[in-house]
There are 2 protein chains.
Amino acid sequence: MRFETSTIKDIAKALGLSTSTVSRALRDRYEISEETKKVVLAYAEKVNYRANPIARSLKERRSYSIGIIVSEIANNFFSQVINGMESIAYARDYHVIIAQSHESSKQEKLNVEHLASRSIDGLLIALSSETQDISYLKDLYQKGLPIVFFDRVPDNFETHKVIANNFKGSFDATEHLILSGKRTIAHLTNSETLSITKERLAGYKAALAKYHINFNPELVKYCQHGGMHSAELEDAVKELLPFKPDGIFISSDRLTTGCIMALKKSSPEVAHKIAIAGFTNSSLVDLFSPSLTSVKQPAFEMGQVATELLISMIEAKRPITEFETKVLDTELVRMQKNVGNPFL
Amino acid sequence: MRFETSTIKDIAKALGLSTSTVSRALRDRYEISEETKKVVLAYAEKVNYRANPIARSLKERRSYSIGIIVSEIANNFFSQVINGMESIAYARDYHVIIAQSHESSKQEKLNVEHLASRSIDGLLIALSSETQDISYLKDLYQKGLPIVFFDRVPDNFETHKVIANNFKGSFDATEHLILSGKRTIAHLTNSETLSITKERLAGYKAALAKYHINFNPELVKYCQHGGMHSAELEDAVKELLPFKPDGIFISSDRLTTGCIMALKKSSPEVAHKIAIAGFTNSSLVDLFSPSLTSVKQPAFEMGQVATELLISMIEAKRPITEFETKVLDTELVRMQKNVGNPFL
DNA sequence: AAAAAGTGTGCAATCGTTCCCAAAAACGTA
DNA sequence: TACGTTTTTGGGAACGATTGCACACTTTTT
């Protein structure tokens, strides 16, 4: 079960050189004669030499790999973010290791520690909806692991962060509902502890205030597990319906699709009467019935920006003291009236 | 930028033992006195010792990690497969590295070679729709890398494979369309070279034959890039419409959603008049309008089975000579008549 | 012509483990 | 007591790469 790959030693032996010389020729470092370099490179090419990244990692104490933690890859938003991350990472000769927390803080910690022990050079993480205690991340950070947060960020952690303009996205979506004549607008959202939850709630409230609509806390429902359990969502929807909302603003991808599903299942007769606006990056919204207004996050770009920041930290010569929080604008995609109408 | 973790050497020094002894105590191998073992384990626990997987990989020439190649993680089917793989891998102390081919054979090869150089212990792969030449996989396999194919498998490669019962799934879906009274049934499918394409086409043909409907090759459209380019899909749909199909059977996840989208975009007036049946593992089909009949693959289970087979290969004492191709049954989820009707 | 500076190469240590081999300790038996 | 056997431990060589240092050789400087 073992590979037969040629090593630097094999090359050295074959060419009658020392391993150091071969290494230098390959790495193109230090002064080395053009001639020997050419010979070595040619031979390396011939035997299809590939440096062993494991050995290099051990020696250099770094792995040229970046860890990514998201709650789920089966999520439009996150898979798009990951694609953005990959695009930058590959271009800069890093590769990525993806792990899923499944919205469990325990799983999250396990994954982070596993990645750390595999000598990742940096970590890109969106916190799980359960996560409260991030002290283990602080420890790792203090030990020298660069970390960049995206989407779901902690507020008591000084490092680079990349988020969407959650306040504005929520404000716009809520305002859109109001301008379409809705007055009893419910808000279905994620775990109360998440940064995105707070920011999106604030945007929702601000829009209500602008149009002098009273904020009713009973119209806000939190989902501790981010909609991972369908019962959680169905309960929330059930509790909202008695208030007869004419609009719902939903604050995350999974919740948005889950809510429509729950609505259709529990009360198909009202499902089409409630206007829905929600965060989602699903490319399939055009197919949904009832249709909805969606807030799209610049997911791909978010992944790119986060990765650029992380790599800059990794490759920084001196410790970084100034951190940025990049805020990217969301896009409001208004419901298309005729979509979902079977007679068109 | 470096971690301060304690090594086996540190423990040895602190306890006045040799590294060999400490290693043995930790690994629980060879004969070692209960007493020293206890002391070592206690101290290791105290300093929170974590073995360095990189060093171990180098020494043991294995990494306890499994490579996964799919065309895209932003695909319901594949993300579910990956979840199945993770579940088994983690339980058996392996971890997974995911890479995407984006349906490009070049990217696929690059990824595979990168994973191989990172000393993965085995590879789980679904071929890209572009892939024709798998000689590089054969090379790796011959050099000792265990490979298990799933979903899209080559026929000229002797190893374990896990696939869905594509013939039956297609047969059932096509038959369902026929039984709902459709007679001009088009077939939109993937690249002609893929195993799944051939099998699903055969199922489609068989169903037609059973009901004495002539097979018309012009009603079959292939998408070389698996629907990665929306133009490709729109063209295919446009070419099909003149034949006035009353039903379409679509053979992959991305194509199914993409086709409905294209249909709605190009000819909203007929979109709801054509009955659609297609392979998809989207959890959102209930929201789609027009609604459709879907063929669901046991994705999670497929991932589990493939991973179990792979790990059995990795851990096999002697070379394996008998290979199996596991075939898992699909499930037909019939269209719900009232779904998609805004007046219900 | 000798000293200084510059080039190209090899030696050997190192990263953190594992494991072969041998030495030491403990025990048993004659 | 002497010797063999078993158990436990330590020494040290790998695994494949990088790199500081020393050394040889060439070229330049004085």
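By convention in this document, chain letters (A, B, ...) are assigned in the order of the sequence lines, proteins followed by strands, and residues within each chain are numbered from 1. All of these numbers come straight from a predicted model, not from anything done at the bench.
- Atom P of nucleotide C/dT17 and atom CG of B/Asn52 are separated by 5 Å, given to the nearest angstrom.
- Atom P of nucleotide D/dG16 and atom CZ of A/Arg50 are separated by 17 Å, given to the nearest angstrom.
- Distance B/Asp10 CG to C/dT17 P: 9 Å, rounded to the nearest Å.
- Comparing B/Lys37 and A/Arg56, the nucleotide of DNA chain D nearest to each residue sits closer to the 5' end for B/Lys37.
- B/Tyr94 and B/Tyr64 have tilted rings, their planes meeting at an angle from 30° to 60° on a 0 to 90° scale.
- Separating the NE2 atom in B/His102 from the CG atom in A/Asn83 is a distance of 5.0 Å, to the nearest 0.5 Å.
- Listed nucleotides D/dG10, D/dC21, C/dT18 differ in distance to B/Ser18; the shortest reach to its side chain belongs to D/dG10.
- Listed pair A/Thr36 / C/dT9 meets the phosphate criterion, a side-chain N or O lying under 4.0 Å from OP1 or OP2.
- We find that CD1 of A/Ile8 is positioned 12 Å from C1' of D/dT19, with the value rounded to whole Å.
- Put simply, the side chain of B/Glu103 gets close to the backbone of B/Ser129: a donor and an acceptor are under 3.5 Å apart.
- Residue-level contact check: B/Thr19 touches the bases, meaning some heavy atom is under 4.0 Å from a base atom.
- Under 4.0 angstrom from either OP1 or OP2 of C/dT9 there lies no side-chain N or O belonging to A/Arg24.
- In terms of phosphate contacts, A/Tyr49 brings no side-chain nitrogen or oxygen within less than 4.0 Å of OP1 or OP2 of D/dG16.
- Distance from the side chain of B/Ser23 is smallest to C/dT18 among C/dT9, D/dA17, C/dT18.
- Judged by distance alone, with hydrogens and angles left aside, A/Arg61 brings no side-chain donor or acceptor close enough to the base of C/dG16 to form a pair under 3.5 Å.
- Between the side chain of A/Ser20 and the base of C/dC11 there is at least one donor-acceptor pair of N/O atoms closer than 3.5 Å.
- Mapped onto DNA chain D by nearest heavy atom, B/Leu17 and B/Leu58 fall at different nucleotides, with B/Leu17 at the one closer to the 5' end.
- The separation between B/Lys9 atom NZ and C/dG16 atom C1' is 7 Å, rounded to whole Å.
- Within the structure, every side-chain polar atom (N or O) of A/Ser57 is placed at least 4.0 Å from both OP1 and OP2 of C/dC15.
- Here C/dG16 presents its P atom at 11 Å from NZ of B/Lys13, a figure rounded to the nearest Å.
- Side-chain contact annotation: B/Gln304 with B/Ser87, donor-acceptor N/O pair under 3.5 Å present.
- Atom CZ in A/Arg62 sits about 11 Å away from atom P in D/dT19, given to the nearest Å.
- Contact detail for A/Met302 and A/Leu328: the closest heavy-atom pair is CA-CD1, 3.6 Å.
- Between B/Arg27 and C/dT18, a side-chain N or O to OP1/OP2 separation shorter than 4.0 Å is present.
- Between the NZ atom of B/Lys59 and the C1' atom of D/dG12 there is a distance of 11 Å, given to the nearest Å.
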